[in-house]
Amino acid sequence: MSSTVDIGTVGIAGCGLMGSGIAELCARAGIHTLVFDVNSAALATGRARVEASLSKAVARGKLTLEESERAWASIHFTTDLDRFADRDLAIEAVPEDTEMKLALFSALDKVMERPDALMASNTSSIPIMQLASATNRPDHVVGLHFFNPVPVLDLVELVPTLKTDDTAWHRMHHFAADALGRRVIISQDRAGFVVNALLIPYLLASIRMFESGFAVAQDIDDGMVRGCAHPMGPLRLTDHIGLDTTLAIAECLYREFREQLYAPPALLSRMVEAGHLGRKAGRGFYDYHVPGAPTADASPAAPSGGRPPLSS
Ligand code: 3HC
């Protein structure tokens, strides 16, 4: 990865799972990285997540100790958004909530002082033009969508809007492909872009299958892991993404396309209302005693689970 790209300073807004992963990736690429969150507890958790991930990368032989120390020295955490004033690029990575993202874009527009500063959103589904319209420089806004876990999955989706200018577009492409070393795919500005427009209907179908008693959770997941060589089954992947995020993406897709395959199943809505948000909450389709570690005997947690009737 090279640092010859003109983007030398990045601000990541939001220090959740995605924000901290993106920050780690930028810091590993030698870019001066500032991570903002309004919540200092979220910053502390994100900081610990980055530290653990860097140690894991060293243990797995993906980074040398020196590279890991250099990356750690490149990341700084703050609760003060005004510190983004000098950034070449801001990447928004707050929860999948349109109002929250619009408010953040509007604030970034006021704070960022460089006339050529770029703004990107890591939204999973919200059309980028909607977010860009909260700024006075929509021509400098691009979609930049990463995948969880960010340091491991090497894809990024790049999404131009009807207003993105050519220079901004080429700078973002260069940043994603050359500075971060990601494989770039390009999507039109449609809800869900390429990956989530394909992935979410599959996850929703697995929830409907589980909800109807067609099969138990473990069998649905084993079917796709052992039968199709997916690294995770769809219900465990939904737990990994977060049920609240999955629901928000499905609602956004449904709003845009009005297709039944994007309509969230009732069980997904009920589980979100119950706080069964997946791995981060300790409970989703499986129980997680330690954050991130499913129980050895993972069992369906939803009331409609259980063995399907053999005779029907
Ligand atoms: N830094 C660098 N590399 C790391 C790392 C780190 N912190 N942690 C792990 N790795 C590497 C390991 O070295 C290993 O590489 P190798 O195969 O070359 O040795 C590889 O990553 C896998 O690591 P692990 O062995 O620890 O983990 P698992 O084999 O258990 O895999 C997983 C874990 C990567 C999460 C895998 O289960 C997976 O890919 N699951 C699917 C995840 C997925 O689909 N994500 C996309 C979700 S959709 C999304 O994010 C979009 C959003 O909008 C919703």
Side-chain angles (χ1 to χ4, degrees), residues 1 14 16-29 46 48-65 67-68 71-72 75 91-97 101 120-128 143-159 180-183 185 187 191-204 206 221-222 224-226 228-253 262 268 277-280 284 286 288 291-294 298:
M1 291 181 228
L17 211 53
M18 296 303 288
S20 56
I22 298 166
E24 179 185 338
L25 181 65
C26 293
R28 283 194 195 190
R49 200 182 291 121
V50 173
E51 209 170 1
S53 176
L54 287 173
S55 304
K56 191 169 172 184
V58 172
R60 295 298 185 96
K62 303 283 175 189
L63 278 187
T64 65
L65 189 58
E67 286 168 336
S68 144
W72 187 242
I75 297 198
I91 304 175
E92 171 278 309
V94 300
E96 198 68 356
D97 173 325
K101 287 183 190 285
S121 175
N122 177 58
T123 176
S124 300
S125 57
I126 301 166
I128 306 301
L144 184 69
H145 181 218
F146 295 87
F147 296 85
N148 176 26
V150 178
V152 177
L153 299 186
D154 75 348
L155 185 79
V156 77
E157 286 181 301
L158 264 192
V159 187
L180 300 185
R182 268 20 204 171
R183 162 84 172 102
I185 61 173
S187 171
F193 320 119
V194 171
V195 174
N196 281 331
L198 293 170
L199 175 65
I200 296 298
Y202 159 65
L203 301 183
L204 299 180
S206 75
D221 280 347
D222 281 351
M224 299 312 289
V225 171
R226 291 163 186 258
C228 296
H230 288 197
M232 281 178 167
L235 296 170
R236 196 179 297 286
L237 180 55
T238 306
D239 277 355
H240 175 78
I241 293 170
L243 275 68
D244 48 348
T245 303
T246 305
L247 177 62
I249 301 170
E251 286 172 342
C252 184
L253 283 160
Y262 299 121
L268 178 61
L277 304 182
R279 197 172 65 158
K280 63 187 169 192
Y286 298 91
Y288 301 82

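If you read the sequence from its start, that first residue is 1, and numbering goes on from there. First listed ligand is number 1; within each ligand, the first listed atom is number 1.
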Legend entry - Gap between atom CZ of Arg183 and atom CG of Leu153 - 0.5 Å precision: 14.5 Å
Legend entry - Subset of ligand 1 atoms that lie under 4.0 Å from at least one heavy atom of Arg28: 1 (N), 2 (C), 6 (C), 7 (N)
Inset, instruction - Working to the nearest 0.5 Å, report the span between CG of Leu235 and CG of Asp222. - result: 11.0 Å
Legend entry - Gap separating the CG atom of Asp239 from the CG atom of Asp221, nearest 0.5 angstrom: 8.5 Å
Legend entry - Ser206: partners by side chain to side chain donor-acceptor pair (under 3.5 Å), with sequence neighbours left out: none
Inset, instruction - May I ask whether atom 16 (P) of ligand 1 is less than 4.0 Å from at least one protein heavy atom? - result: yes
Inset, instruction - Please verify whether a non-hydrogen atom of Val152 lies at under 4.0 Å from ligand 1. - result: yes
Legend entry - Glu157 (side chain) donor-acceptor with Phe193 (main chain) under 3.5 angstrom: no
Inset, instruction - Indicate the ring-plane relationship of His230 and Tyr202, choosing parallel, tilted or perpendicular according to the 30° and 60° boundaries. - result: perpendicular
Legend entry - Asp244 vs Leu247 side-chain heavy atoms within contact, under 4.5 Å: no
Inset, instruction - Would you check if the side chain of Ser55 reaches a backbone N or O of Glu51 as a donor-acceptor pair within less than 3.5 Å? - result: yes
Inset, instruction - Verify the contact flag for atom 49 (C) of ligand 1, where contact means a protein heavy atom under 4.0 Å away. - result: yes
Legend entry - Step-by-step side chain to side chain donor-acceptor pair (under 3.5 Å) determination, Glu92 to Ser121: CA-CA 5 Å; Glu92 171 278 309; Ser121 175; 2.4 Å; yes
Inset, instruction - Have a look at ligand 1 and work out which part of Leu54, if any, has a heavy atom under 4.0 Å from it: side chain, backbone, both or neither. - result: neither
Legend entry - Side chain, backbone, both or neither: Pro149 near ligand 1, heavy atoms under 4.0 Å: side chain
Legend entry - Numbered atoms of ligand 1 (with element) below 4.0 Å of His145, judged on heavy atoms: 51 (C), 52 (C), 53 (O)
Inset, instruction - Check whether any side-chain heavy atom of Val156 lies under 4.5 Å from a side-chain heavy atom of Leu180, and answer yes or no. - result: no
Legend entry - Asn196, portion touching ligand 1 at heavy-atom distance under 4.0 Å: side chain
Inset, instruction - Have a look at ligand 1 and work out which part of Leu153, if any, has a heavy atom under 4.0 Å from it: side chain, backbone, both or neither. - result: side chain
Inset, instruction - Return the residue, atom name and 0.1 Å-rounded distance of the protein heavy atom closest to atom 46 (C) of ligand 1. - result: Asn148 O, 3.5 Å
Legend entry - atom 7 (N) of ligand 1 [closest protein heavy-atom partner, distance rounded to 0.1 Å]: Ser53 OG, 2.7 Å
Legend entry - Residue and atom name of the nearest protein heavy atom (relative to atom 51 (C) of ligand 1), distance in Å to one decimal: Phe147 CD2, 3.5 Å
Inset, instruction - Quick one: look up the protein heavy atom nearest atom 36 (C) of ligand 1 and list residue, atom name and how far away it is. - result: Pro231 CB, 4.0 Å
Inset, instruction - Report the distance from atom SG of Cys26 to atom CD1 of Ile91, rounding to the nearest 0.5 Å. - result: 4.5 Å
Inset, instruction - Keeping the roles fixed (side chain from His145, backbone from Val159), state whether a donor-acceptor pair exists under 3.5 Å. - result: no
Inset, instruction - Please state which part of Ile241 comes within less than 4.0 Å of ligand 1, counting heavy atoms only: side chain, backbone, both or neither. - result: side chain
Inset, instruction - Return yes when at least one protein heavy atom is under 4.0 Å from atom 21 (O) of ligand 1, and no when none is. - result: yes
Inset, instruction - Among all protein heavy atoms, pick the one closest to atom 43 (C) of ligand 1 and tell me residue, atom and distance. - result: Leu237 CD1, 3.6 Å
Legend entry - Under-4.0 Å heavy-atom contact between protein and atom 10 (N) of ligand 1: yes
Legend entry - Option nearest atom 18 (O) of ligand 1 (shortest heavy-atom distance, choices His240, Arg236, Lys62): Lys62
Inset, instruction - State the atoms of ligand 1, each with its element, that fall below the 4.0 Å cut-off from a heavy-atom position in Leu199. - result: 48 (S)
Legend entry - Identity and distance of the protein heavy atom lying nearest atom 26 (O) of ligand 1: Arg60 NH2, 3.0 Å
